[in-house]
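Below, chain A is the first sequence line, B the second, and so on; all start at residue 1.
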There are 2 protein chains.
Amino acid sequence: MATIKDVAKEAGVSVATVSRVINRNGYVQEETRKLVEAAISKLNYLPNEVARSLYFQKSKLIGLIIPDITNPFFPEIARGVEDVLQQNGYRLIIGNSDEDAEKEVRYIETFTQHNVLGVISTSSEEVSQWEKLNIPVVLLDRIHHDFPFVCSDQKEGGRLAAQILLDRGSRNITLLRGPKHVRTAYERFFAALEVLGKSQVQFQVLNTSFSFDGALETAGKLFELYPDTDGVIAVNDIVASAVLREALRRGRKIPEEMQIIGFDDIPMSKFLFPALSTIQQPAYEMGKEAAKLLLERIRQADIKKKQIILPVSFVERETTRKAGDGTWQK
Amino acid sequence: MATIKDVAKEAGVSVATVSRVINRNGYVQEETRKLVEAAISKLNYLPNEVARSLYFQKSKLIGLIIPDITNPFFPEIARGVEDVLQQNGYRLIIGNSDEDAEKEVRYIETFTQHNVLGVISTSSEEVSQWEKLNIPVVLLDRIHHDFPFVCSDQKEGGRLAAQILLDRGSRNITLLRGPKHVRTAYERFFAALEVLGKSQVQFQVLNTSFSFDGALETAGKLFELYPDTDGVIAVNDIVASAVLREALRRGRKIPEEMQIIGFDDIPMSKFLFPALSTIQQPAYEMGKEAAKLLLERIRQADIKKKQIILPVSFVERETTRKAGDGTWQK
DNA sequence: TTGAAAGCGTTACCAC
DNA sequence: GTGGTAACGCTTTCAA
């Protein structure tokens, strides 16, 4: 790789001059600039980011920590993040934490060793580590009262899910609840619970993991423990899909005998038959917003703590009945 | 962040000595080493990777270019790559190319600007750019005769898919073919074609894109153009899922009236009902192997060109009939 | 066994 | 307008 010295020699000027034309600052005569530019393109020169990074004490790298890229919710987020970073000339370093605090700490360490400009974390809420770091951090899909974050309106989502099943006639509802340490999942669960609590319907709660295999297992349990369930509120679309599959396998008519509503609206949901009704989180948008927020904070450190809550929406598909069918089995 | 100077001052030695204890090379007396180590942990010192990277002309960063992390095949791959890199102390910079050569070039440029140690590309086969780079490159899920690569046995996969439908009684098969510039998809398509060509069954080809929306569109077309199809070989599981949904929607009995076989075995496939029979590519393994191969090449530049082809396998689920049912509709 | 200093590629300050 | 040079944090060579 050609260095700035090579360019300087080629153009017959000093490195300082070359630096000036690269960065378009300081005075440089039209003529010499042309000389330098010619040398640059002749040598195919690109400035060494590492050297710049050393000088400026900051790089063009942004760290992203996610629990597991293999969970279909996160690629959307990651893509949103990457798209805005890319457009702004930044690059993404990525790490899968598996929700493991220790792994996360190790990522944070190496990220800072690389002079990352900032970090977006969609993993733990163990914020203590972020505080001692003095680089901007944005939480994504996680909530913390004194940190900037981007997430979607979990409470509204939980309420919506419950209300929709109620309105459309479910009278015996099972809530499939995710791991309690995932705060967002907990929030929506609780909001749904509240709505159900105020209603007169029968309901119960079943715990489940987020993983594909765990979801399938949960689905089996559901039908054994609560065979009379006629409405399922699943913690996410993966779990909802597993329930749908199991229901179909057991010959249940969906949505006539049982309504199912998921959360997230991952891409596969509309591929199912019947297609999954769900509460959509704007994952891609969330990624974008988080990246934008981080860039804002990078450019202007004193910006006020911003907490962005994006709206969720009900995507009506085929695992819920038509509105007004509330009377269906009265 | 504490620097090596701070540590040196704290320990009352020179930076050279500190460097020696960090890197465990050169002589350093037991006693001074203890001093230094104390200072290091007191100051919570971590060496600045950027500075090291500048000195060594190489970083601990590996670049990964993928078409689109949002396509469920790639997160598995990315995870495989990341897991082995992580274990070896390397970090991943990632870029989505959207199969766009220009975008890809830009990533390559910035990657090299960051002194990446090597690159794994699962994007274009426009290898010309790689050649002038003098960092190790490994192609993943792509094939090139004079480059190291990792992929799975596309030909065998294509053959298998076709043979299985044939053996299990499909007599009018539609091949759903992906974009022609994706060589792997082309290879498996062609292998399947060859098998069908040698058989006596009726078959036809329909083009499709890889995207979710494109797949749904293709599925619609399939039933309009070739309503008599009783076997579908889809270029990947997304397309297969779309076909399955559309078939179910139209009231077809699967697999009795129509068998469907996919490719990849993405996580959602087992969530469908009926669950999708498919040719599995070991995506996670592929990612791991590619990362290992790259590390090998990094550590030992003169290693011979290695090309790894991982086996595919038939995952029998519920969209194909039982073996021996070949006689089913004779 | 230790320290001083050069050098990795870049930028910015200060002379000229 | 332009060039010399210190500095960014680190490693290694060379001397002591």
Side-chain angles (χ1 to χ4, degrees), chain A residues 1-37 39-40 43-61 89 109-117 134-135, chain B residues 1-37 39-40 43-61 89 109-117 134-135:
Chain A
M1 287 291 286
T3 75
I4 199 172
K5 267 189 197 163
D6 301 326
V7 175
K9 191 182 293 176
E10 175 73 28
V13 298
S14 76
V15 294
T17 305
V18 177
S19 176
R20 274 185 216 108
V21 347
I22 294 168
N23 300 291
R24 333 186 169 291
N25 60 10
Y27 298 96
V28 33
Q29 206 144 12
E30 192 52 29
E31 221 169 311
T32 46
R33 168 218 291 274
K34 289 220 172 105
L35 237 46
V36 171
E37 276 167 353
I40 286 178
L43 297 179
N44 235 296
Y45 168 74
L46 285 176
N48 182 323
E49 270 306 323
V50 174
R52 308 186 88 213
S53 171
L54 181 59
Y55 179 82
F56 288 119
Q57 312 261 61
K58 51 177 78 158
S59 71
K60 292 199 160 180
L61 265 18
E109 282 176 2
T110 50
F111 285 179
T112 60
Q113 287 181 284
H114 281 99
N115 284 3
V116 295
L117 258 185
N134 40 7
I135 52 172
Chain B
M1 287 290 285
T3 74
I4 199 171
K5 265 189 200 163
D6 301 326
V7 176
K9 191 181 292 176
E10 175 73 28
V13 300
S14 76
V15 294
T17 304
V18 177
S19 175
R20 275 186 214 107
V21 348
I22 295 169
N23 301 290
R24 331 185 171 292
N25 59 13
Y27 298 96
V28 33
Q29 206 144 12
E30 192 52 29
E31 221 170 308
T32 46
R33 168 219 290 275
K34 289 222 171 104
L35 238 47
V36 171
E37 276 166 353
I40 286 178
L43 297 180
N44 235 295
Y45 169 74
L46 285 176
N48 181 324
E49 270 306 322
V50 174
R52 308 186 87 215
S53 170
L54 182 59
Y55 177 83
F56 288 117
Q57 313 260 64
K58 53 177 74 160
S59 71
K60 292 199 161 180
L61 267 17
E109 281 176 2
T110 51
F111 285 179
T112 59
Q113 288 182 282
H114 284 285
N115 284 2
V116 294
L117 258 186
N134 40 7
I135 53 171

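- Side chain of A/Asn23 to main chain of A/Asn25: no donor-acceptor pair is present (N/O by atom type, distance under 3.5 Å, no hydrogens or angles).
- Annotation: the terminal axes of the helix from C/dT1-D/dA16 to C/dC16-D/dG1 meet at 50°, where each axis is the rotation carrying the C1' atoms of four end pairs onto the next four (5 pairs per end, rounded to 10°).
- Close to C/dG9, at under 4.0 Å from its OP1 or OP2, lies no side-chain N or O of A/Thr3.
- Taking atom CZ on A/Phe56 and atom P on C/dG9, their separation rounds to 17 Å, with Å as the unit.
- For the pair B/Thr17 and A/Ile4, both in contact range of DNA chain C, the more 5′-proximal nearest nucleotide belongs to B/Thr17.
- A donor-acceptor pair is defined here as one N or O able to donate and one able to accept, closer than 3.5 Å; no such pair exists between the side chain of A/Gln57 and the backbone of A/Asn115.
- Closest approach of A/Ala8 to A/Val18, counting heavy atoms only: CA-CG2, 3.7 Å.
- To the nearest angstrom, C1' of C/dT2 lies 15 Å from CZ of B/Arg33.
- A salt bridge does not link B/Lys34 with B/Glu31: none of the charged nitrogens is closer than 4.0 Å to a carboxylate oxygen.
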Interface polar pairs with nucleotides 13-15 of chain C, N/O, under 3.5 angstrom:
none

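- Residue B/Leu54 contributes atom CG, which lies 12 Å from atom P of C/dT11 at whole-angstrom precision.
- Heavy-atom distances under 4.0 Å link DNA chain C to B/Tyr27, B/Val28, B/Gln29 of residues 23-31 of chain B, given in residue order.
- A close approach under 4.0 Å does not occur between any side-chain nitrogen or oxygen of A/Lys5 and OP1 or OP2 of C/dT10.
- When the P atom of C/dT10 is taken as reference, atom OH of A/Tyr55 falls 14 Å away, rounded to whole Å.
- For B/Glu109, there are no salt bridge (Lys or Arg N to Asp or Glu O under 4.0 Å) partners two or more places apart in sequence or in a different chain.
- Side-chain atoms of B/His114 and A/Leu61, non-hydrogen and from C-beta on, do get closer than 4.5 Å to each other.
- Heavy atoms only, all atoms of each residue included: B/Glu10 and B/Ala39 are closest at CG-CB, 3.5 Å.
- Rounded to whole angstrom, the span from the NZ atom of B/Lys34 across to the C1' atom of C/dT1 amounts to 16 Å.
- For C/dT10, the OP1/OP2 oxygens have a side-chain nitrogen or oxygen of A/Tyr45 closer than 4.0 Å.
- Distance CG (B/Asn115) to P (C/dG9): 9 Å, rounded to an integer number of Å.
- Within the nucleic acid shown, A/Ser53 has no heavy atom closer than 4.0 Å to any nucleic acid atom.
- Listed here is the closest heavy atom pair of B/Leu35 and B/Ala11: CD2-O, 3.7 Å.
- Put simply, CG on A/Asn48 is 18 Å from P on C/dG7, counting in whole angstrom units.
- Here the side chains of A/Ile22 and A/Ile40 are in contact, with some heavy-atom distance below 4.5 Å.
- When all heavy atoms of A/Val50 and B/Leu54 are compared, the pair lying nearest together is CG1-N, 3.6 Å.
- Here the closest heavy-atom approach between residue B/Tyr45 and residue B/Ile4 is recorded as CE1-N, 3.5 Å.
- Contacts between chain A and DNA chain D, taken as any atom within less than 4.0 angstrom of a protein heavy atom, begin and end at D/dG1 to D/dG9.
- Across all their heavy atoms, A/Met1 and A/Asp6 have their closest contact at O-OD2, 4.3 Å.
- At the heavy-atom level, B/Val50 lies nowhere under 4.0 Å from the strands shown.
- Proximity of A/Thr3 to A/Asn48: side-chain heavy atoms (C-beta onward) are nowhere separated by under 4.5 Å.
- B/Arg20 is linked by a salt bridge (Lys or Arg N to Asp or Glu O under 4.0 Å) to nothing, counting only residues two or more places apart in sequence or in another chain.
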